[in-house]
A.B. asks: 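Please find one structure pasted underneath; my questions will follow.
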Protein chains: 4
Amino acid sequence: MTTQTTTTGATRPAGRPRSEKAERAIIEATLDLIGAGSSISELSIEAIAARAGVGKTTIYRRWSNKEDLVVDALSSLKAPLPQFAGRSVREDLITWLKVISTESSDLRGRCVMNILNSDPGRHPRVMERFHELAIKPRREAVLAVLHRGVENGELRPDLDVDLAMTILNGAMVWRVKWLSDPTQTDGLPERIVDEVLRGFAPASA
Amino acid sequence: MTTQTTTTGATRPAGRPRSEKAERAIIEATLDLIGAGSSISELSIEAIAARAGVGKTTIYRRWSNKEDLVVDALSSLKAPLPQFAGRSVREDLITWLKVISTESSDLRGRCVMNILNSDPGRHPRVMERFHELAIKPRREAVLAVLHRGVENGELRPDLDVDLAMTILNGAMVWRVKWLSDPTQTDGLPERIVDEVLRGFAPASA
Amino acid sequence: MTTQTTTTGATRPAGRPRSEKAERAIIEATLDLIGAGSSISELSIEAIAARAGVGKTTIYRRWSNKEDLVVDALSSLKAPLPQFAGRSVREDLITWLKVISTESSDLRGRCVMNILNSDPGRHPRVMERFHELAIKPRREAVLAVLHRGVENGELRPDLDVDLAMTILNGAMVWRVKWLSDPTQTDGLPERIVDEVLRGFAPASA
Amino acid sequence: MTTQTTTTGATRPAGRPRSEKAERAIIEATLDLIGAGSSISELSIEAIAARAGVGKTTIYRRWSNKEDLVVDALSSLKAPLPQFAGRSVREDLITWLKVISTESSDLRGRCVMNILNSDPGRHPRVMERFHELAIKPRREAVLAVLHRGVENGELRPDLDVDLAMTILNGAMVWRVKWLSDPTQTDGLPERIVDEVLRGFAPASA
DNA sequence: ACATAATCGAGACGGTACGTCCCGTCTTGTT
DNA sequence: AACAAGACGGGACGTACCGTCTCGATTATGT
């Protein structure tokens, strides 16, 4: 047996392999531009190539259209799972809403919010992927908090946890969206959680 | 006194007067395109002119940029105030959320939702105007419902009605945004209102 | 009869008319670049547009490909007919060869020589047009000189004037082509004409 | 002493020796493409590599640029010296012009003509080499014919043989250049030679 | 009636980005 | 060390729109 590196059937294709460095630069540039304020429609391949110091060909060789590129770029943007203390549901939910509100402060987080502000009807594939990557895992983590609350009696046993998440997230995102300075959210998380936990109706009713 | 047809003191300037018909057609076309799914960024004067059957000059003579046109177009888009029965807060709030969810069904309503989904940071003037026209009046009507509820004991006396609105609207809009078919909202308004009214925590807690 | 400018059937098409200034600038730029040394293959529409201060669209609106543009550019390059004194065939032929050799000295003339040096097989349409514009008229003027010479006895009665032209032009162009400095042609025209007029064979033979 | 197969003193460098087969294929491909109608400017390394079944690296390792390659390719293109019967100057010159006109008929000969039609100002090194290889040796052979003619009285004693060659070659090449089918040259060589030998002026003048 | 003047549709303008093609250079694993 | 394969940065291609600009034609007013 002569020089044969592996016994796997899948051999590397001939020729110079694609540069991982270029690939990273392209993704970085894409996220930078989205974070800097470009909507998906405004993103231009030419601008990405220029910022990445890369030929347009190198982009088109990998992704056949802008949406595919954005999808992959988002994939490399691991939205970190919030670390829940687990002492009480209230505390954990506040932690969660604070994560949402803090997200806009760093460049990559602004990315997430910009995508979030896009119209899901226009870029369905991007939004689908975005949902899968940035929403679903965190959603499940928060759902676990809610379920735990239901089990240990902190929350109503018949609570629709799914709907509860919608209410929490919706309130937070909606409020932040209309703030002139999305960084200033003061005690908003606490107030939302408290209000929602108690309910609007009086206890005696 | 010269030849003047109208009784207004302001003399009409010489030359051919601007065509009201063209103006209406432009506004209609703008709303049509927004309703059909164009975001503000994607909206193009060229497309509006084509759909209105009008030269591009005719548009630019009236509005110096796209945002000004959209602002004026939105002004002619009267978001109807919901009619509240006034029998109970619960009923009125459900009515209100149903108004939101129903909005997507007609062409002009979809317009409202599309603007709503836009990034307020990118088109501040449009969003400001939109807030003034479509949000504020309805917000006040709903706030009145909440205040009435606080006064007559249907709602907690210390309820932050402003935050309550945020929670209700946010939950509804957020949910609709992620629905594949935004028309299908089933019993969502009822479930949101009920959940929020009772609170997540158990009554005994 | 109302406002009608002319009675001709051909009315000007609607819209802004094409700018003659732009057209001239494009042609000038094209000739400049050819004169500066670009072969037809090397000519780039982008370079022409840049030098003419014009959008690429403005070029493509008028000419569907590079050859058509070059053909039109050549058309505006009126190679002046040589002025023949008419005193003798010898003098006129020398004048003619001097015109050829002088052509390279000015920018537009260098244009002619550059096209001449192109391969006629590759750009047949250009060469055909070039022949029609720059070769044929001058050829006929020189043919007239030769015919006059045959009639008044300065040239052999059975001279093949067509072939004679080929010999004169070919000799001159061929020689100039291989000169390092095509401007320095000394007494070449005189020497060619004299040699050709006398013939290579001795008079007595 | 290392591993050395040949008896030459120059040690062959280590590593795999360059493939002569590849080298030949490259040269063949180059000549093929030039013969097929590519001007030097249009000739591309990529095309040569493809036709030779060779990687582009293999070409660039040997020649640093296109011109160098063309120069070497031309070197392997031995333009055959015409065989002169020596019976008369007229016969030999006709033979010579026929060689020129026949050259276009075979693939390698068309090569010569294509280079000949190139602009010497643009590829000076190629043309210089071409002159040395394909022009000079044949030129000298023809010059010998002319000199012999002068010596034995077939040509005028004061004939400028150098200029005479220019006239003959120039006429032939010029004529062929403008022919739609350069193969069809009928009795052109005879007619040119006869005309030039006799001179345009009448014998009595 | 008729000059004046602003508006109209149409479409050309300079410009930007598109996605494709090809260039000459470079970087792999294999020979 | 040379080979083929093929990715790389770069540049031009021809197209599609963009927002601006210029036309002749239209439609009012003011004399």
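Order of the sequence lines fixes the chain letters, A, B, ..., with proteins taken first and strands second; residue numbering starts at 1 for each chain.
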A.B. asks: Can you pull out the residues from residues 22-35 of chain D that lie within a 4.0 Å heavy-atom distance of DNA chain E?
C.D. replies: none
A.B. asks: Applying side-chain contact (heavy atoms from CB on, under 4.5 Å), can you list everything that pairs with S76(D), at least two apart in sequence or on another chain?
C.D. replies: I27(D), L31(D)
A.B. asks: Show every donor-acceptor pair shorter than 3.5 Å between a side-chain atom in residues 41-48 of chain C and any protein atom, with sequence neighbours excluded, or say none if there are none.
C.D. replies:
residue, atom, partner, partner atom, Å
S41(C), OG, E42(D), OE2, 3.3
E42(C), OE1, S39(C), N, 3.2
S44(C), OG, A47(C), N, 2.9
E46(C), OE2, K56(C), NZ, 2.7

A.B. asks: If you find the nucleotide of DNA chain E closest to E42(D) and the one closest to S19(C), which residue's nucleotide is nearer the 5' end?
C.D. replies: S19(C)
A.B. asks: Quick one: salt bridge (Lys or Arg N to Asp or Glu O under 4.0 Å) pairs with a partner in residues 17-26 of chain A, sequence neighbours left out?
C.D. replies: E23(A)-R62(A)
A.B. asks: Go nucleotide by nucleotide along DNA chain F from the 5' end; which of R18(D) and G15(B) gets its closest nucleotide reached first?
C.D. replies: R18(D)
A.B. asks: Does a nitrogen or oxygen in the side chain of S44(D) sit under 4.0 Å from OP1 or OP2 of dC23(E)?
C.D. replies: yes
A.B. asks: Of all residues at least two apart in sequence or in a different chain, which pass the salt bridge (Lys or Arg N to Asp or Glu O under 4.0 Å) check with D68(C)?
C.D. replies: R125(C)
A.B. asks: According to salt bridge (Lys or Arg N to Asp or Glu O under 4.0 Å), who are the partners of R129(B), at least two apart in sequence or on a separate chain?
C.D. replies: E132(B)
A.B. asks: For residues 53-73 of chain B, which residues have at least one heavy atom under 4.0 Å from DNA chain F?
C.D. replies: K56(B), T57(B), Y60(B)
A.B. asks: Have a look at the helix from dA1(E)-dT31(F) to dT31(E)-dA1(F) and give the angle its two end axes make, five pairs each, rounded to 10 degrees.
C.D. replies: 10°
A.B. asks: Using side chain to side chain donor-acceptor pair (under 3.5 Å) as the criterion, list what pairs up with N65(A), not counting sequence neighbours.
C.D. replies: none
A.B. asks: Using side-chain contact (heavy atoms from CB on, under 4.5 Å) as the criterion, list what pairs up with V54(D), not counting sequence neighbours.
C.D. replies: A22(D), I26(D), A52(D), T58(D), I59(D)
A.B. asks: Between atom CD1 in I48(B) and atom P in dT20(F), what is the gap in whole Å?
C.D. replies: 13 Å
A.B. asks: Under a 4.5 Å cut-off applied to non-hydrogen side-chain atoms, are I34(B) and R110(B) in contact?
C.D. replies: no
A.B. asks: Run the salt bridge (Lys or Arg N to Asp or Glu O under 4.0 Å) test against D32(B) and tell me which residues pass, sequence neighbours left out.
C.D. replies: R51(B), R108(B)
A.B. asks: CD of E46(B) versus C1' of dC13(E): gap in Å, rounded?
C.D. replies: 13 Å
A.B. asks: Indicate yes or no: at least one non-hydrogen side-chain atom of V71(B) is less than 4.5 angstrom from one of L133(B).
C.D. replies: no
A.B. asks: When the distance from CD1 of I45(B) to C1' of dG9(E) is rounded to whole Å, what number comes out?
C.D. replies: 16 Å
A.B. asks: Going by heavy atoms in the side chains, are F130(A) and V112(A) under 4.5 Å from each other?
C.D. replies: yes
A.B. asks: Please give, in whole Å, the distance from dT26(F) P to K21(B) NZ?
C.D. replies: 15 Å
A.B. asks: If you go through the side-chain atoms of R16(B), does one of them form a donor-acceptor pair with the base of dC8(E) closer than 3.5 Å?
C.D. replies: no
